[in-house]
Peer 1: 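Below: one structure in structure tokens.
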2 protein chains.
Amino acid sequence: MGYERSCLSDHIRRELARRILDGTLRPGERLVELKIAAEFASSQTPVREALRELESMRLVEASPYKGTRVRDVGPRQTAEAYAVRGALERLAAESAAAAFRGDVRALRATARAIVAAARAGDREGYARHDLEFHRAIATASGNATLLQLWESLAFETRTPLTLTRDDLDWPAVAESHAPIVDALEAGDGALAGRLLEEHARKFIPPPRAEAGTTSRARRASGS
Amino acid sequence: MGYERSCLSDHIRRELARRILDGTLRPGERLVELKIAAEFASSQTPVREALRELESMRLVEASPYKGTRVRDVGPRQTAEAYAVRGALERLAAESAAAAFRGDVRALRATARAIVAAARAGDREGYARHDLEFHRAIATASGNATLLQLWESLAFETRTPLTLTRDDLDWPAVAESHAPIVDALEAGDGALAGRLLEEHARKFIPPPRAEAGTTSRARRASGS
DNA sequence: TTGACTTCGATTATCGATAATATACGATTC
DNA sequence: GAATCGTATATTATCGATAATCGAAGTCAA
């Protein structure tokens with residue numbers, strides 16, 4: 001799936017994506033085309049293309065003649081993304097169980113690294129290993145379409161980890177990876193899928209204060 | 001979700017997307033930038049942007065200096081997309097049940113229209129109503145992230161319907177929408193979700209001839 | 001003082017032209 | 001005659017400049 005593009009616009013896109021994901025570029029920050037062009041010693045055109053691709057990667061948002069800025073993902077969007085990611089990983093696990101059978105060593109090592117990072121309070125390490133863990137499962141599904149959609153959620157699902165989230169019992173969350181590995185090793189994709197979906201649910205920030213009245217309809221704007 | 005972009009590049013993008021989805025532009029067909037620019041009486045730049053957006057919409061594929069062509073979705077990618085769509089709709093149904101309670105009339109009408117089209121052998125109508133049905137559920141989830149990813153699968157999951165697919169018992173498939181409506185009306189999102197996932201599975205074309213050796217791992221290039 | 005209108009600076013959207021690259025075709029060599 | 005290499009052509013990638021638009025600051029009248 002990964003084309004090895006050597007264009008200037010791809011270089012710029014990758015670099016900007018890196019900065020957005022690692023926080024160098026803050027949410028809401030404006031991305032001025034000519035400024036970026038000057039930095040990369042290029043013209044405006046490749047920058048524009050890079051920005052447009054970042055837009056469809058959901059990393060930035062743009063409106064015509066107004067400009068482009070780093071997307072600010074609120075708690076609601078984070079919740080949405082985690083729910084979607086959970087559904088994707090559930091599907092992935094079901095297909096991936098076969099691929100892992102007999103060799104979950106790498107995955108188990110990653111799971112251990114997550115726990116270690118959580119205990120050490122190493123959030124950066126936690127985020128990195130966690131991403132690796134979940135990406136490995138998405139990859140092992142053998143479903144390139146799934147993987148691409150999964151990757152497009154990286155922004156929403158990664159940022160909150162980097163930021164402060166003290167309402168979570170990190171070591172406990174970390175330990176919930178091990179049963180997933182067990183299920184995959186046993187070839188029980190369905191179980192692994194359920195565990196993954198449940199795992200993702202833990203990250204959904206607002207516990208929905210509206211308890212009891214679940215019959216409230218939520219509207220959504222049609223296309 | 002839908003920004004009302006009035007740029008030239010957006011106009012071109014929309015028009016090209018329409019042509020690809022309705023089959024005017026065939027899979028594998030080449031999209032030459034200057035030719036398109038001439039047709040729209042524009043310069044190359046807006047066309048390029050449009051093509052890049054189409055690429056991230058998975059409608060076309062491009063390689064540097066080689067050009068852009070309409071993506072040819074094989075049976076494998078169709079299968080992948082249906083599996084993913086099923087997973088997304090399962091999640092959507094779980095959240096959407098509350099939104100529908102008390103008013104599934106529109107949805108039921110759509111379901112009936114699907115059955116009618118299937119019986120009449122009206123494939124175009126079937127595709128249109130079916131898309132409407134599933135989109136309604138994705139929309140009702142209230143999860144904008146989900147909806148966007150769902151929309152990005154429109155190409156893979158719509159094309160095969162327009163094309164010849166005589167291996168399916170269309171009326172039977174059409175009738176499987178009704179139980180989904182029932183479940184949503186009853187507020188049983190979990191059931192509706194399971195039914196939707198099962199429904200999507202019916203469209204996965206190849207029954208995987210490679211029976212027995214399901215343990216082959218498939219590699220995928222990391223980012 | 002306030003409100004609408006105008007002007008100006010900044011930035012985006014688009015243009016026309018040029019450089020870079022790939023593919024196809026023909027010349028040259030063995 | 002076949003293979004290799006250069007060349008021509010078509011197309012993409014990028015450039016520098018211009019037109020279009022937005023937002024803010026300033027202006028004028030009531």
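As the structure is a computational prediction, the values presented were derived from the model and not from experiment. Per chain, numbering begins at 1; letters A, B, ... match sequence-line order.
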Peer 1: Using salt bridge (charged side-chain N to carboxylate O under 4.0 Å, His left out), reason through B:R128 and B:E132 one step at a time and then give a plain yes or no.
Peer 2: CA-CA 6 Å; B:R128 188 158 39 84; B:E132 184 185 343; 5.9 Å; no
Peer 1: Carefully, step by step, assess A:R85 and A:E89 under the rule salt bridge (charged side-chain N to carboxylate O under 4.0 Å, His left out).
Peer 2: CA-CA 6 Å; A:R85 199 176 94 156; A:E89 291 184 357; 3.3 Å; yes
Peer 1: With sequence neighbours left out, write down each residue that passes side-chain hydrogen bond (donor to acceptor under 3.5 Å, both in side chains) with B:E197, or none if nothing qualifies.
Peer 2: B:R90
Peer 1: In the 5'-to-3' direction, what one-character label does each nucleotide of nucleotides 16-21 of chain C receive under the scheme B = base within less than 4.0 Å of a protein heavy atom, S = sugar-phosphate only, - = no such atom?
Peer 2: BB--BS
Peer 1: Please list, by residue number, the residues of residues 33-41 of chain A whose heavy atoms come closer than 4.0 Å to an atom of DNA chain C; answer none if no residue qualifies.
Peer 2: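 Under 4.0 Å from DNA chain C: A:E33, A:L34, A:K35.
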Peer 1: To the nearest angstrom, how far is A:R30 atom CZ from D:dC22 atom P?
Peer 2: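 It works out to 13 Å between those atoms.
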Peer 1: At under 4.0 Å between heavy atoms, what does A:L51 touch on the DNA or RNA strands: base, sugar-phosphate, or nothing?
Peer 2: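 No contact at all - A:L51 keeps every heavy atom at 4.0 Å or more from the nucleic acid.
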Peer 1: Go through the structure and list residues passing side-chain hydrogen bond (donor to acceptor under 3.5 Å, both in side chains) with A:R19, not counting sequence neighbours.
Peer 2: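 Expected list: A:E15, A:E39.
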Peer 1: With rounding to the nearest 0.5 angstrom, report the CD1 to CG distance, A:I114 to A:L131.
Peer 2: 9.5 Å
Peer 1: To the nearest Å, give me how far apart CG (A:D10) and P (D:dT12) are.
Peer 2: 16 Å
Peer 1: Please list, chain by chain and in numerical order, all residues satisfying ring pair (Phe, Tyr, Trp, His ring centres under 6.0 Å) with A:H134, sequence neighbours excluded.
Peer 2: A:H177, A:H199
Peer 1: So, using side-chain hydrogen bond (donor to acceptor under 3.5 Å, both in side chains) as the criterion, who are the partners of B:S56 when residues are at least two apart?
Peer 2: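 Here the qualifying residues are A:S56.
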Peer 1: May I have the distance from B:E49 (atom CD) to D:dT12 (atom C1'), rounded to whole angstrom?
Peer 2: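 So the two atoms are 15 Å apart, to the nearest Å.
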Peer 1: Would you say a side-chain N or O of B:R48 is under 4.0 Å from OP1 or OP2 of D:dT12?
Peer 2: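 Answer is no, no contact under 4.0 Å.
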Peer 1: In whole Å, what is the span from the CD1 atom of A:I12 to the C1' atom of D:dA13?
Peer 2: 12 Å
Peer 1: What distance do A:E33 atom CD and A:T68 atom OG1 have between them, rounded to the nearest 0.5 Å?
Peer 2: 6.0 Å
Peer 1: Can you measure B:K66 atom NZ to D:dT12 atom C1' for me and round it to whole angstrom units?
Peer 2: 13 Å
